[in-house]
Student: 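Below is the structure I would like to discuss, written out as structure tokens.
Lettering of chains follows the sequences in order, A, B, ..., and the numbering in each one begins at 1. A quick note: this is a predicted structure, and the numbers were derived from the prediction, not measured.
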There are 2 protein chains.
Amino acid sequence: MTEYNEKQLDILMAAESLFASEGFDGTSIRSIAKAAKVNIAMISYYFGSKEKMLEALILHRTSDMKMQLDNIFKEDLTPLEKVERLIDLYISRINKNKCMYQILHFELSTKKRLMDMKSYAEVKQQNMAAFRKIIKEGQESGLFKTNINIELIPPTIMGTLVHFQMNRPFFEAELGIKTDEAYENYIKNELTSHIKQTIKALLVHEN
Amino acid sequence: MTEYNEKQLDILMAAESLFASEGFDGTSIRSIAKAAKVNIAMISYYFGSKEKMLEALILHRTSDMKMQLDNIFKEDLTPLEKVERLIDLYISRINKNKCMYQILHFELSTKKRLMDMKSYAEVKQQNMAAFRKIIKEGQESGLFKTNINIELIPPTIMGTLVHFQMNRPFFEAELGIKTDEAYENYIKNELTSHIKQTIKALLVHEN
DNA sequence: GTTTAAATTAAACGTTTGTTTAATTGTTAG
DNA sequence: CTAACAATTAAACAAACGTTTAATTTAAAC
């Protein structure tokens, strides 16, 4: 867990927002330096290279993510309540780290820079394990259906949100949403409850 | 609907696969020319510029997509069967145009080249309209629930698939999938039926 | 066979790229 | 004060970029 000084963080934050909006290859170190208000040589000086800075950024963010799922377990909640809390956590996390997820998304989908996303893979594995545990708990107590594919539920949760964010211009037009605030509110309310409703319908016996 | 000769198509196809795997900014026109086995000047000669070639490519692909949803309507199917057919269509379409969707995904998410995706937006709108029609048909006949957000169902369908493809390395490890063929089969079988099951649970009254 | 236009080429264009250098300034410790 | 090291700078570097040029080859039309 490396510590960075203020100037290094300036650089990383400027890079994060630019990488997200312009892409890694679409962002020059000169534009990063300008946004971070430092000399272009500082980037190589501090991080070695543009690519190593990307790795540093991803490591910095993903190590932040080591999830505190434990308190969900400790609390006295029904399995369904736990699932709902997990969905809230997923959504707020993705929303809070929008830029990082955008970057990750692209880096994962291209073969160009096959960096070791060990740290990210770890987080994903932890999440999946925690999720599986909750579902099995619900199944054993007879609340959840058993003919389901547990591994494919997180993709449905996260995929729905990511797809909605990726096609934002389309949904803004389709739903008549005009401001940033209204879009965020739609995610917080309608989209979140749609996801919960969907997962609930899939998991829980109706009666 | 512009027609392209064989050499132009060679260029477009080479560009498509490279843009998908390396990104637009990560792909040089020299590498495209090499892959298409043409001189680098041919790209400017035929398309004007690298960027215009991207537009040509997207237009070429999306105009292919003008969906033949109509025959789904004409056939004598229950609303649920229609939904299932639509899901099959979505999935096979995304699978067939994997590269194009990868490119679109990135272009939509960055502010760098705000091209007019009019053609793509049109396809999406048509799809949404057709989908809405089917759902309302099911609701009016009392088969489908009415307390649902129709606009958010396509994001759930497509988002699940796209997320699964984007995080392929993770799911390969998580599910113990080793070959390309096994992965494609998993999509065709398990993933497809998971999506159908999920949407069905959301839509249909249990009994 | 000649004319005309399209296709194709190698070479060069001016930028921009990521990175390095070498010199200078700032800071801290003895 | 000065030695030592970190931080910062402007300038230069070679390489790669997208695009254009000008010359040549190919194909079609008359």
Side-chain angles (χ1 to χ4, degrees), chain A residues 2-60 99 103 106-107 110-116, chain B residues 2-60 99 103 106-107 110-116:
Chain A
T2 331
E3 287 301 319
Y4 295 112
N5 63 42
E6 207 168 322
K7 212 141 245 179
Q8 286 172 308
L9 285 174
D10 282 351
I11 295 172
L12 286 181
M13 297 307 95
E16 181 178 37
S17 114
L18 281 168
F19 286 164
S21 65
E22 318 275 291
F24 179 82
D25 293 305
T27 304
S28 71
I29 68 165
R30 280 169 179 80
S31 67
I32 297 171
K34 199 174 178 184
K37 289 172 189 162
V38 299
N39 188 278
I40 49 164
M42 298 302 289
I43 287 164
S44 297
Y45 176 69
Y46 274 133
F47 300 99
S49 73
K50 186 188 176 189
E51 203 147 330
K52 279 182 193 161
M53 179 182 53
L54 173 62
E55 292 195 52
L57 171 61
I58 290 179
L59 206 68
H60 176 67
C99 288
I103 298 168
F106 181 74
E107 293 304 320
T110 60
K111 286 96 199 150
K112 196 140 206 250
R113 288 169 293 279
L114 26 84
M115 359 188 356
D116 68 327
Chain B
T2 331
E3 286 301 319
Y4 295 112
N5 64 41
E6 207 167 324
K7 213 139 246 181
Q8 287 172 308
L9 285 174
D10 282 351
I11 295 171
L12 285 180
M13 296 307 96
E16 181 178 39
S17 115
L18 280 168
F19 286 164
S21 65
E22 319 275 292
F24 179 81
D25 293 305
T27 303
S28 70
I29 68 164
R30 281 168 178 82
S31 67
I32 297 171
K34 199 175 178 185
K37 289 172 188 164
V38 299
N39 189 278
I40 49 167
M42 297 303 290
I43 288 165
S44 298
Y45 176 69
Y46 273 133
F47 300 99
S49 71
K50 186 187 175 189
E51 204 147 330
K52 278 184 194 157
M53 179 183 52
L54 173 63
E55 292 195 52
L57 171 61
I58 290 179
L59 206 69
H60 175 67
C99 289
I103 298 168
F106 181 75
E107 293 305 320
T110 60
K111 286 98 200 149
K112 197 139 204 250
R113 290 168 293 280
L114 24 85
M115 358 186 358
D116 68 327

Student: Looking only at side-chain N and O atoms, does Ser49(A) come under 4.0 Å of OP1 or OP2 in dT19(C)?
Tutor: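 Indeed, a polar side-chain atom of Ser49(A) lies that close.
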Student: Can you measure Arg30(A) atom CZ to dT15(C) atom P for me and round it to whole angstrom units?
Tutor: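 Checked: the CZ to P distance equals 14 Å.
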Student: In whole angstroms, how far is the P atom of dA16(D) from the CD1 atom of Ile32(B)?
Tutor: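 Between P of dA16(D) and CD1 of Ile32(B): 17 Å.
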Student: Please give, in whole Å, the distance from dG18(C) P to Met53(A) CE?
Tutor: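 Going from Met53(A) (CE) to dG18(C) (P), I get 9 Å.
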Student: What residues from residues 13-21 of chain A pass a heavy-atom cutoff of under 4.0 Å to DNA chain C?
Tutor: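 Under 4.0 Å from DNA chain C: no residue of residues 13-21 of chain A.
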Student: Check nucleotides 5-9 of chain C for protein N or O atoms closer than 3.5 Å to its own N or O atoms and list the pairs.
Tutor:
unit_1: dA7(C); atom_1: OP2; unit_2: Tyr45(B); atom_2: OH; d: 3.0
unit_1: dT8(C); atom_1: OP1; unit_2: Lys7(B); atom_2: NZ; d: 3.1
unit_1: dT8(C); atom_1: OP2; unit_2: Tyr46(B); atom_2: OH; d: 3.4
unit_1: dT9(C); atom_1: OP2; unit_2: Asn39(B); atom_2: N; d: 3.3

Student: With heavy atoms under 4.0 Å as the rule, sort Ile43(B) into base, sugar-phosphate or nothing.
Tutor: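 Here Ile43(B) touches no strand at all.
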Student: Select base, sugar-phosphate, or nothing to describe what Ser31(B) touches, counting heavy atoms under 4.0 Å on all strands.
Tutor: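 Contact class for Ser31(B): none.
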Student: Roughly, in whole Å, what's the span from NZ in Lys112(A) to P in dA16(D)?
Tutor: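 Those two atoms, NZ and P, are 12 Å apart.
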Student: With a 4.0 Å cut-off on heavy atoms, is Ser44(A) in touch with a base, just the backbone sugar-phosphate, or nothing at all?
Tutor: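 Contact class for Ser44(A): base.
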Student: Spell out, as yes or no, whether a donor-acceptor pair under 3.5 Å connects the side chain of Glu22(B) to the backbone of Phe19(B).
Tutor: no
Student: Aromatic rings Tyr4(A) and Phe47(A): how do their planes relate, parallel, tilted or perpendicular, breaks at 30° and 60°?
Tutor: tilted
Student: Please find the pair of heavy atoms, one from Gly23(A) and one from Thr110(B), that lie closest to each other, and give the distance.
Tutor: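 Scanning both residues, the minimum pair turns out to be N-CG2, 4.4 Å.
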Student: Determine: side-chain N/O of Ser28(B) to OP1/OP2 of dC17(D), distance under 4.0 Å, yes or no.
Tutor: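 Result: yes.
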Student: Between Lys7(A) (side chain only) and Val38(A) (backbone N and O only), is there a donor and an acceptor less than 3.5 Å apart?
Tutor: no
Student: Tell me whether Lys112(B) contacts the main-chain N or O of Gly26(A) through its side chain, where contact means a donor paired with an acceptor under 3.5 Å.
Tutor: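 Answer holds: yes.
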Student: Is it true that a side-chain atom of Thr27(A) and a backbone atom of Leu18(A) form a donor plus acceptor pair closer than 3.5 Å?
Tutor: yes
Student: To the nearest Å, how far apart are Ile40(B) CD1 and dG18(D) P?
Tutor: 9 Å
Student: Counting only N and O atoms by type, is there a donor-acceptor contact under 3.5 Å from the side chain of Ser31(B) to the main-chain atoms of Ser28(B)?
Tutor: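 Judged by distance alone, yes, a pair lies under 3.5 Å.
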Student: Do Lys52(B) and Tyr46(B) form a cation-pi contact, if we require the NZ or CZ to be under 6.0 Å from the six-membered ring centre and within 45 degrees of the ring's axis?
Tutor: no
Student: How close or far is atom P of dT16(C) from atom NZ of Lys50(B), stated in whole angstroms?
Tutor: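 Atom NZ in Lys50(B) sits about 15 Å away from atom P in dT16(C).
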Student: When the ring planes of Phe106(A) and Phe106(B) are compared, do they come out parallel, tilted or perpendicular, using 30° and 60° as the limits?
Tutor: tilted
Student: Whole angstroms only, please: what is the CG-P distance between Asp25(A) and dT16(C)?
Tutor: 18 Å
Student: Please report the distance, rounded to the nearest Å, between NZ in Lys52(A) and C1' in dG18(C).
Tutor: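 About 13 Å, once rounded to whole Å.
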